[in-house]
Amino acid sequence: MQNTTTQLTPSQEKAVNHKDGALLVLAGPGSGKTRVITHRIANLINSGVAPYKICAITFTNKAAGQMNQRVAEMGTSTGAHISTFHSLCVRILRKYAQFAAIDSKFSIYDSADQKRCMKQAIKKADIDSKSFTPGKLLAAVSSLKNNLIDPETFKTQSDGFYAAKVAKVYRAYQQLLNENASLDFDDLLMKTALLLRDNQQVRDELNDRFMYLLVDEYQDTNHAQYCIAKSLVANHGNICVAGDPDQSIYRWRGADITNILAFEKDWPDATVVKLEENFRSTPDILSVADKLIAANKNRKPKSLIPVRPPAGKVELACFEDEQEEAQGVADKINNLIRQGVSARNIAVFYRVNAMSRAMEECFVRNQMPYQIVRGVEFYSRKEIRDILAYLKIIVNPADEIALLRIINTPARGIGKVTIDKVRRYALTHGLSFYQALAKVHAIDSLSQAHKGRITAFVKMIENFKKAAPDSVSQLIKKVFVESGLQSFFNSGKESDDNSAAENINELINAAAVYERHAEQPSLMDYLQQISLFSDADSYDPTTERVALMTLHAAKGLEFENVFIIGVEDGLLPHERSAESDDELEEERRLFFVGITRAETNLHISYTRYRTVRGQYRRAVPSPFLYELPLELPHQQPSSREDSYDDFDDDISYEPDEEVVPFTKGQLVKHKKFGLGRVEQFIEMGQNSVIVVKFKAGQTKTLMLKYANLTKV
DNA sequence: CATAGCCGCCTTTTT
DNA sequence: GGCGGCTATG
């Protein structure tokens with residue numbers, strides 16, 4: 001796209017030079033939006049605004065880092081606060097912890113921690129966990145938090161059976177978080193929003209601190225973020241937001257598109273700048289994107305004005321199954337690389353992470369360089385989580401989730417019964433779990449041996465605490481060795497490939513990098529930072545590798561060559577989004593985001609068959625494909641299908657043992673479900689379906705060729 | 001109390 | 001298909 005020396009267009013210029021007050025930048029894809037924000041920051045600084053008076057909010061930490069770098073490259077002194085909403089909230093909450101009634105050493109719970117915590121809450125609230133899964137309850141709680149509704153308010157507002165249960169579990173969950181001195185992702189936003197709303201002193205201080213606020217990707221802000229932004233500029237109104245309603249793809253996690261659509265209502269004097277020229281993609285690609293997004297009804301029409309001359313190509317391909325699709329894509333990519341295209345200019349997008357697998361295996365087979373953009377994977381590995389749990393306890397002993405994880409990891413003879421005894425003691429004496437561990441000598445029900453083990457554990461943690469002020473990477477090393485994790489992972493069967501030790505080493509290296517770059521490195525800050533690490537943050541644009549990522553992670557990026565795979569009904573749009581028109585339109589926007597990442601060549605593909613959850617199934621082209629100005633390739637009959645078709649045509653009908661072995665009423669046996677009787681048989685050749693009522697009670701619909709039934 | 005093996009649950013996207 | 005948790009066994 002445009003480099004920094006290119007001139008700005010009049011519209012871009014207008015946005016960059018806008019002085020005080022509210023500014024809305026409605027920017028289409030590839031319109032230079034990020035560049036405008038960067039220029040605007042530089043411009044403010046050049047016109048005399050102190051850098052630290054500027055706060056810019058980006059969607060990911062990676063985007064923040066890039067923006068920081070670009071501002072620096074423009075010769076402007078750095079010092080502007082550029083970060084994500086979540087990072088900003090951590091800073092604010094740490095500084096004003098006493099006003100927010102929290103402990104500044106708070107742990108941040110990721111989704112795995114949240115789940116454990118929610119399970120405890122469900123137990124505590126005594127809820128029938130059959131119909132209320134932790135996942136569903138967490139989603140409900142998350143949505144309440146995003147809308148700044150606390151447990152008490154919700155309790156009074158809610159009616160109905162389900163809402164009452166949610167209210168109860170919400171309260172229990174929140175209480176657990178409090179006891180553990182922990183915040184989940186939503187708390188970071190909610191606590192900050194409430195602090196800014198209810199505490200005038202804090203609000204005034206931050207309004208003085210940040211004289212200018214800029215928010216990128218404003219279409220994906222949720223209500224809490226909206227309130228934070230509004231409070232941050234309550235006294236001066238210097239707010240600049242930029243975004244594109246057509247690229248709103250986070251409704252499912254609370255993003256409220258009306259934040260951007262109604263911006264002019266919030267700030268009636270706002271200046272609005274539209275950026276409709278597209279400097280990124282070829283006219284062909286834009287035509288595809290435009291036709292697609294035009295199918296969304298709930299939308300303000302916006303143009304995509306091509307600037308680049310025609311080049312490259314747009315292709316739609318159909319493959320037999322995900323294996324062949326992966327190979328087909330790999331072949332194309334190999335061709336490109338042979339033609340001299342750098343692998344870093346190539347990306348493959350897909351709807352769900354599970355789809356990376358076939359691609360990855362294929363890349364490995366073909367010895368092609370690739371990177372899967374999935375950063376949090378590393379931090380969810382067992383050994384990494386174990387080490388981090390130790391570190392969390394060192395900073396925040398109240399974090400019971402972390403404590404329970406490591407108290408017997410590696411095994412040190414402190415089992416469930418012992419833990420229960422200590423917990424009961426803690427409960428009756430009003431102590432935290434860790435405090436009770438420290439007072440273990442007073443717990444009569446424990447044997448001397450158990451007391452000794454617990455004392456040794458507490459001693460070890462206290463010993464770590466003494467080393468905590470030193471370097472983080474050194475501390476990780478120390479914990480790894482002295483906790484016994486090292487010998488645990490090295491011992492016999494655990495060290496199948498000693499990848500655990502390697503991963504720990506990588507963690508130590510990453511911590512060393514952190515120490516070099518952080519303004520004020522500390523263990524607490526380190527832990528809070530890595531909690532906010534996102535998938536997209538792991539993307540490294542500098543290496544010679546093809547990037548594989550979800551469509552969501554692709555937001556904000558651009559590549560010369562883009563492959564979008566698995567564009568099939570049920571996948572894109574995803575079956576879980578098929579219930580409402582709003583969700584369907586969001587899926588369309590997601591596809592739109594993917595398409596508009598492409599600069600020159602765009603390859604879209606789908607398959608005739610796909611393995612879903614281990615089942616090889618017929619796949620149907622996405623309805624979105626019929627909205628594109630592209631011909632669907634003639635669906636070549638597969639060799640398998642071929643032979644079947646011939647068979648069907650030539651020999652009009654001949655019962656085959658393989659194909660029609662079952663009649664209604666036939667007694668059959670299934671490996672897993674046992675005996676059953678055939679209820680129905682639907683003859684569909686290779687795809688025949690059989691309905692069996694099993695003795696155990698359940699009735700199952702099975703694909704015949706996978707059911708593996710035997711006649712009895 | 002530790003370990004292995006099995007069963008059952010969930011399974012979109014993510015800060 | 002994959003993981004976490006539960007149970008049975010040593």
Side-chain angles (χ1 to χ4, degrees), chain A residues 57-64 83-90 108-112 114-116 119 129-130 133-136 138-139 142 145-146 183-190 217 220-222 224-225 248-255 349-357 373-377 379-382 405 408-419 447 449-450 453 488 492-494 528-538 549-555 566 570-578 583 586-587 589-591 593-594 611-616 672:
Chain A
I57 294 173
T58 56
F59 199 70
T60 62
N61 291 308
K62 182 200 64 198
S83 75
T84 62
F85 264 113
H86 285 83
S87 294
L88 176 67
C89 289
V90 166
I108 299 173
Y109 278 1
D110 66 15
S111 18
Q114 283 183 54
K115 211 166 171 185
R116 296 186 91 97
K119 278 183 183 167
S129 58
K130 275 284 178 298
T133 64
K136 278 189 183 149
L138 276 173
S142 171
K145 287 185 177 181
N146 285 332
L183 305 184
D184 65 19
F185 288 127
D186 302 313
D187 281 337
L188 294 173
L189 301 176
M190 178 169 173
E217 308 286 8
D220 278 322
T221 50
N222 63 30
Q225 292 166 326
S248 164
I249 54 175
Y250 284 99
R251 203 186 85 101
W252 54 273
R253 77 171 200 214
F349 304 149
Y350 36 80
R351 178 62 178 83
V352 297
N353 280 302
M355 292 168 67
S356 68
R357 197 178 194 161
V373 180
R374 205 154 187 234
V376 295
E377 217 166 39
Y379 287 96
S380 58
R381 307 188 75 101
K382 187 188 175 304
R405 181 181 182 94
N408 203 30
T409 308
R412 49 173 73 88
I414 304 173
K416 191 178 178 301
V417 179
T418 311
I419 289 170
S447 72
H450 287 121
R453 290 172 196 161
F488 176 67
K493 48 226 150 177
E494 283 293 341
Q528 292 177 347
Q529 293 283 321
I530 60 169
S531 304
L532 300 178
F533 200 71
S534 78
D535 278 352
D537 294 331
S538 76
M549 68 188 89
T550 63
L551 285 161
H552 283 91
K555 167 162 147 166
L571 224 37
L572 185 67
H574 196 274
E575 55 189 350
R576 302 268 295 230
S577 311
E583 286 174 322
E586 176 146 308
E587 294 287 306
R589 291 195 292 270
L590 188 56
F591 193 17
V593 166
T611 314
V612 182
R613 272 179 246 138
Q615 285 237 316
Y616 196 68
K672 202 158 133 203

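Chain identifiers are assigned alphabetically (A, B, ...) following the order of the sequence lines, protein sequences preceding nucleic acid strands; residue numbering begins at 1 within each chain.
Side-chain atoms of A/S534 and A/D537 include a donor-acceptor pair closer than 3.5 Å.
As rounded to whole Å, 11 Å separates atom P of B/dT13 from atom CE of A/M355. When the P atom of B/dT14 is taken as reference, atom CZ of A/R374 falls 6 Å away, rounded to whole Å. The distance from atom NZ of A/K416 to atom P of B/dT3 is 18 Å, rounded to the nearest whole Å. Between the C1' atom of B/dC10 and the CD atom of A/Q114 lies a distance of 17 Å, rounded to the nearest Å. Taking atom CZ on A/F591 and atom C1' on B/dT12, their separation rounds to 17 Å, with Å as the unit. Atom NE2 of A/H574 is separated from atom C1' of B/dT12 by 5 Å (rounded to the nearest Å). What separates CZ of A/R576 from C1' of B/dT11 is a distance of 7 Å, to the nearest Å. Atom CG of A/L188 is separated from atom C1' of B/dT14 by 14 Å (rounded to the nearest Å).
Along DNA chain B, the nucleotide closest to A/L189 and the one closest to A/G413 are compared, and the more 5′ of them pairs with A/G413. Where A/E583 and A/G415 each meet DNA chain B at their nearest nucleotide, the meeting point lying more 5' is that of A/G415.
Comparing atom distances between the A/W252 side chain and each of B/dC1, B/dT13, B/dT12 picks out B/dT13 as nearest. The side chain of A/A411 has B/dT3 as its nearest neighbour among B/dT12, B/dC1, B/dT3. Considering only side-chain atoms of A/S534, the nucleotide from B/dT15, B/dC10, B/dT12 that sits closest is B/dT15.
Proximity of A/R351 to the phosphate of B/dT12: no side-chain N or O atom is located under 4.0 Å from OP1 or OP2. The phosphate of B/dC1 has OP1 or OP2 within less than 4.0 Å of a side-chain N or O from A/T418. Remark: A/H450 is in phosphate contact with B/dC1, judged by side-chain N or O atoms under 4.0 Å from OP1 or OP2. At least one side-chain nitrogen or oxygen of A/T550 sits closer than 4.0 Å to the OP1 or OP2 atom of B/dT14.
In this structure, CZ on A/F85 lies 5.0 Å from CD on A/Q225, to the nearest 0.5 angstrom. Of the inter-residue distances, the one linking A/Y350 atom OH with A/T550 atom OG1 reads 6.5 Å to the nearest 0.5 angstrom.
Residue contacts shown for A/N61 are absent, as no nucleic acid heavy atom lies under 4.0 Å away. Nucleic acid contact for A/S531: none, since no nucleic acid atom lies under 4.0 Å from a heavy atom of the residue. At the heavy-atom level, A/Y250 lies under 4.0 Å from the strands shown only through sugar-phosphate atoms. Among the heavy atoms of the strands lying under 4.0 Å from A/N353 are primed sugar atoms or P, OP1, OP2 only; no base atom is included.
A salt bridge does not link A/R251 with A/D220: every distance from a Lys NZ or Arg NE/NH1/NH2 to an Asp or Glu carboxylate oxygen is 4.0 Å or more. A/E583 and A/R576 are not joined by a salt bridge, as no carboxylate oxygen comes within less than 4.0 angstrom of a charged side-chain nitrogen.
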Heteroatom pairs (N/O) under 3.5 angstrom, protein to nucleotides 1-8 of chain C:
residue : atom : partner : partner atom : Å
C/dG2   : OP1  : A/R357  : NH1          : 2.9
C/dG2   : OP1  : A/R357  : NH2          : 3.1

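Residues passing the ring pair (Phe, Tyr, Trp, His ring centres under 6.0 Å) test with A/F185, sequence neighbours excluded: none.
Using a 30° and 60° split on the angle between ring planes, A/Y250 and A/F59 fall in the tilted class, from 30° to 60°.
Contact of the A/S83 side chain with the A/T58 side chain is not registered, since no non-hydrogen atoms from C-beta on lie closer than 4.5 Å.
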